[in-house]
**Q** 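Structure provided below as structure tokens; questions to follow.
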There are 2 protein chains.
Amino acid sequence: MTTLGYAILGLLSRETLSGYDLTRRMGEQVGYFWSARHSQVYPELARLEAEGYVTHSVVEQRERPDKKVYEITGTGLAALREWVTEPARPRPTRDELVLKAYSVWLADPAEAARLFREAASRHEGQLERYEEIEGWMKREWAEDLGRPGSPRFASYATLRRGLGYEREYAAWCRWLADALEGIR
Amino acid sequence: MTTLGYAILGLLSRETLSGYDLTRRMGEQVGYFWSARHSQVYPELARLEAEGYVTHSVVEQRERPDKKVYEITGTGLAALREWVTEPARPRPTRDELVLKAYSVWLADPAEAARLFREAASRHEGQLERYEEIEGWMKREWAEDLGRPGSPRFASYATLRRGLGYEREYAAWCRWLADALEGIR
DNA sequence: GTACGTTATGTAAATTTTTACATATACTAG
DNA sequence: CTAGTATATGTAAAAATTTACATAACGTAC
């Protein structure tokens, strides 16, 4: 099983979804920790089905093209549950912007500062979107956020990671932009 | 040009290095923002040389096998300098541990808490190593850390990113482990 | 009625990355 | 003297990911 397979099972353990829906989730809810294009999702669904982790049924629609709705099987749920507590082998972090920072001494400081200020804005924007979701969760899901057995708790946990990640990233970009412009 | 190519040029803009040295750097200094195996480094060096970004000379050694020492060319340096301030297209963040957190509601909370506490320890360990380097840099490189035109400033900038990343990641792991064990 | 956007599902090709295969020198520890 | 480790450089195969190709139904705006 691939990590992408577990990403898909993780989504299907919460609700039934089509390949199209899954692809959208990969760029939204799950987007800040895993992602995939539809060209990866469809073949992976076929593989998961061949191995008995999911099944599908065709849903005919009147106002839209028909779709295949996928559902996780007992086997799939068991595999997912087991995978969760298995230690993850550390994958290398790759970040092109930090790589640029490593060679920033070669660039014009003012031009470079612009680059990092723009990045700061992007991460602050994402942070604000996450903060809105957090506010919404705390209002609507209040009781569930303390229950480790609830999927809402898990959603909140990953959101917390997104919040921390964006906050820290934005602060670093601002610090670097300031330093490049000689602001102490 | 690939991002890996710029990663290599970024290292060669500071010092001449062999393919073997470059591979080690990819797992150390540059490790917390880019990495590559030697099977990627050697072919990439050949490509960079074919395109005129680097040159090499064979250095004969008595106590070790001979090596090819690579040097960046004027063309290479110009390309690197230009790349630094070009906006980086955002790549998706993929993190298996956060993906596991998304499905943590299916697992035994105590077992899951163990997983995240172990991860917290790993990130705290890395943080400590970075903090030691930071202390060393502040002592030894004090004058350079305020000069955006110095490679030491750039090294410090990337280290700052590593520090923030590990600190935030470790805190999140601890928070999640606590929450899983019902600690408010 | 036609151009565009959304929904919907796939395949093909290219690129990137990882894992495995392959070889060779020289030092050190047992 | 032999096994292991570090240095040193490559290639081959597999896996993962991205980009491009390809099609089709249906609704809306012009």
Side-chain angles (χ1 to χ4, degrees), chain A residues 1-8 11 16-28 30-31 33-51 54 56-70 88-96 99, chain B residues 1-8 11-12 16-28 30-31 33-51 54-70 88-96 99:
Chain A
M1 269 282 286
T2 64
T3 305
L4 173 61
Y6 289 112
I8 290 173
L11 287 164
T16 61
L17 293 164
S18 68
Y20 185 78
D21 296 330
L22 281 162
T23 303
R24 280 195 308 182
R25 295 287 190 292
M26 290 282 173
E28 291 164 17
V30 200
F33 52 89
W34 208 266
S35 80
R37 308 295 175 90
H38 77 273
S39 60
Q40 245 188 315
V41 170
Y42 289 112
E44 185 65 32
L45 279 170
R47 229 172 300 151
L48 288 171
E49 187 156 44
E51 285 164 35
V54 302
H56 85 268
S57 52
V58 176
V59 174
E60 281 169 52
Q61 295 181 117
R62 271 168 216 165
E63 306 191 341
R64 285 170 197 180
D66 296 355
K67 62 178 175 180
K68 293 184 182 177
V69 172
Y70 286 85
R89 46 181 183 177
R91 290 161 155 258
T93 311
R94 288 193 178 86
D95 188 319
E96 199 169 335
L99 192 65
Chain B
M1 271 281 286
T2 64
T3 305
L4 173 62
Y6 289 112
I8 291 173
L11 287 164
L12 291 179
T16 61
L17 292 164
S18 69
Y20 184 78
D21 295 330
L22 281 161
T23 303
R24 280 194 309 182
R25 295 287 191 291
M26 291 282 173
E28 290 164 17
V30 199
F33 51 89
W34 208 268
S35 79
R37 308 294 175 90
H38 78 274
S39 60
Q40 245 187 315
V41 170
Y42 289 112
E44 185 64 33
L45 278 170
R47 228 172 301 150
L48 288 171
E49 186 155 45
E51 284 164 35
V54 302
T55 53
H56 85 265
S57 52
V58 177
V59 173
E60 282 170 52
Q61 296 181 117
R62 271 170 215 163
E63 307 191 340
R64 283 169 198 182
D66 296 354
K67 63 177 174 179
K68 293 184 183 179
V69 173
Y70 286 85
R89 44 180 185 178
R91 288 159 157 260
T93 312
R94 288 192 177 86
D95 189 319
E96 199 169 334
L99 193 64

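Order of the sequence lines sets the chain letters (A, B, ...), proteins ahead of strands, with each chain counted from 1. For the numbers below, each heavy atom of this structure counts, side chains included, while hydrogens, waters and symmetry mates do not.
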**Q** Rounded to whole Å, how long is the line connecting atom CD of B:E44 with atom P of C:dT16?
**A**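 After rounding, the reported distance stands at 8 Å.
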
**Q** Taking only side-chain N and O atoms of A:Q61, does any of them lie within less than 4.0 angstrom of OP1 or OP2 on D:dC26?
**A**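 A:Q61 to D:dC26 OP1/OP2: no side-chain N or O under 4.0 Å.
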
**Q** In whole angstroms, how far is the P atom of D:dA8 from the CZ atom of B:R25?
**A**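 Whole-Å distance recorded here is 11 Å.
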
**Q** Closer to the 5' end of DNA chain D via nearest nucleotide, is it B:S39 or B:D21?
**A**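 The residue whose closest nucleotide sits nearer the 5' end is B:D21.
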
**Q** Over how many whole Å does the gap from B:L17 atom CG to D:dT7 atom C1' extend?
**A**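 From B:L17 CG to D:dT7 C1': 15 Å.
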
**Q** Quick check on DNA chain C: between A:R89 and B:T3, whose nearest nucleotide comes earlier from the 5' end?
**A**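 The 5'-side residue here is B:T3.
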
**Q** Give a yes/no answer on whether the side chain of B:R37 brings an N or O atom under 4.0 Å of OP1 or OP2 in C:dT19.
**A**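 Yes, because at least one side-chain N or O of B:R37 sits under 4.0 Å from OP1 or OP2 of C:dT19.
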
**Q** How many angstroms lie between OG1 in B:T23 and CG in B:L17, if you round to the nearest 0.5 Å?
**A**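 B:T23 OG1 to B:L17 CG: 10.0 Å, rounded to 0.5 Å.
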
**Q** To the nearest angstrom, how far is B:R47 atom CZ from C:dT15 atom P?
**A**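 Checked: the CZ to P distance equals 10 Å.
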
**Q** Name the closest nucleotide to the A:K67 side chain, picking from D:dG10, C:dT9, C:dT11.
**A**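 Of the candidates, C:dT9 comes closest.
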
**Q** At under 4.0 Å, does any side-chain N or O of A:Y20 touch on OP1 or OP2 of C:dT9?
**A**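 No, no such contact exists.
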
**Q** Using whole Å, what does the distance between atom P of nucleotide D:dT17 and atom CD1 of A:I8 come to?
**A**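 For the pair A:I8 CD1 and D:dT17 P, the rounded distance is 11 Å.
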
**Q** Tell me: OH of B:Y42 to P of C:dT23, nearest whole Å?
**A**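 That distance rounds to 17 Å.
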
**Q** I want to check one thing: is the phosphate of D:dT17, taken as OP1 and OP2, less than 4.0 Å away from some side-chain N or O of B:R94?
**A**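 Yes, within the criterion.
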
**Q** Does some side-chain heavy atom of B:L22 sit less than 4.5 Å from a side-chain heavy atom of B:L12?
**A**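 The answer is yes, as the side chains (C-beta and beyond) meet within the 4.5 Å cut-off.
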
**Q** Of all heavy-atom pairs between B:E44 and B:G5, which one has the smallest distance, and what is that distance?
**A**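 That closest heavy-atom pairing would be OE2-CA, 3.5 Å.
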
**Q** Consider the side chain of B:Q40, meaning its heavy atoms from C-beta on, and name the nucleotide among C:dA8, D:dA8, C:dT16 that approaches it most closely.
**A**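 Among C:dA8, D:dA8, C:dT16, the one nearest the side chain of B:Q40 is C:dT16.
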
**Q** Side chains of B:Y6 and A:E96: closer than 4.5 Å at any heavy-atom pair?
**A**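 No. Closest side-chain heavy atoms not under 4.5 Å.
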
**Q** A:P92 side chain: which of D:dT9, C:dG10, C:dT18 is closest?
**A**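 Of all the options, the side chain of A:P92 is nearest to C:dT18.
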
**Q** More 5' along DNA chain D: B:R91 or B:R64, using each one's nearest nucleotide?
**A**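 On the 5' side of the pair lies B:R64.
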
**Q** Can you find a pair of side-chain heavy atoms, one from A:K68 and one from A:L45, that are under 4.5 Å apart?
**A**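 A side-chain contact is absent here, since even the closest heavy-atom pair is not under 4.5 Å.
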
**Q** Rounded to the nearest Å, what distance is computed from the CD atom of residue A:E60 to the C1' atom of nucleotide C:dT9?
**A**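 It is 16 Å, rounded to the nearest whole Å.
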
**Q** Is the phosphate of C:dT6 approached by A:R24 (side-chain N or O, under 4.0 Å from OP1 or OP2)?
**A**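 Indeed not, no polar side-chain atom of A:R24 lies that close.
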
**Q** Could you check how far CG of A:D66 sits from C1' of C:dT7, rounded to whole Å?
**A**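 About 11 Å, once rounded to whole Å.
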
**Q** Does A:S18 have a side-chain nitrogen or oxygen under 4.0 Å from the phosphate oxygens OP1 or OP2 of C:dT9?
**A**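 For C:dT9, OP1 or OP2 has a side-chain N or O of A:S18 closer than 4.0 Å.
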
**Q** Can you tell me how far the CZ atom of B:R94 sits from the CG atom of A:L4, to the nearest 0.5 Å?
**A**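 One finds 8.5 Å between CZ of B:R94 and CG of A:L4.
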
**Q** Less than 4.0 angstrom between a side-chain N/O of B:K68 and OP1 or OP2 of D:dG10, yes or no?
**A**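 Checking D:dG10 against B:K68, a side-chain N or O does come within under 4.0 Å of OP1 or OP2.
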
